[in-house]
Amino acid sequence: MSVKLLNIGFGNVVVSSRVVAIVSPNSAPMKRLKDEAKKDRKLVDASQGRKTRSIIITDSNHVILSAVQSETVAQRLDSDEPVSS
């Protein structure tokens, strides 16, 4: 069994089979989702202190913040490239 990892920027990776959605953080519903995840202790900030450019939602209801654009993360998920920094 092989686990595919998704590079979400700055050396951070997520198991690609656990990703449910990759969304842009700019809308009010996504900001509420982020706030609720923080309150429920399900928020993972992988943005390394940079501006959040995408929000990744997993099947365990964890919300992951990334400084990489949503489109870029989606392209990485779609490709079969090995994990790189």
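This one's a predicted model, so the numbers in the text were calculated from it and none came from an experiment. Heavy atoms only: backbone and side chains are in, while hydrogens, waters and symmetry mates are out.
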Distance (rounded to the nearest 0.5 Å) between [X] [atom1] and [Y] [atom2]:
X	Y	atom1	atom2	answer
His62	Arg41	NE2	CZ	10.5 Å
Arg76	Ile22	CZ	CD1	10.5 Å
Gln69	Gln75	CD	CD	10.5 Å
Leu33	Ile57	CG	CD1	5.0 Å
Ser47	Phe10	OG	CZ	8.5 Å

Quick one: does [X]'s side chain get under 4.5 Å of [Y]'s, heavy atoms only?
X	Y	result
Lys42	Val63	no
Thr58	Val20	no
Gln48	Asn12	yes
Pro25	Arg53	no

Are [X] and [Y] in one and the same hydrophobic cluster, where Ile, Leu, Val, Met, Phe, Trp and Tyr link if side-chain heavy atoms are under 4.5 Å apart?
X	Y	value
Ile64	Val19	yes
Val23	Leu43	yes
Ile56	Met30	no

Determine yes or no for a side-chain-to-main-chain donor-acceptor pair under 3.5 angstrom, with [X] supplying the side chain and [Y] the backbone.
X	Y	value
Thr52	Leu65	no
Asp40	Ala37	no
Ser54	Val68	yes
Ser16	Lys4	yes

| request: Check Ile55, Leu6, Thr72, Ile8 against Ser66 for a side chain to side chain contact (heavy atoms under 4.5 Å, CB included) and give me the one that passes. | output: Ile8
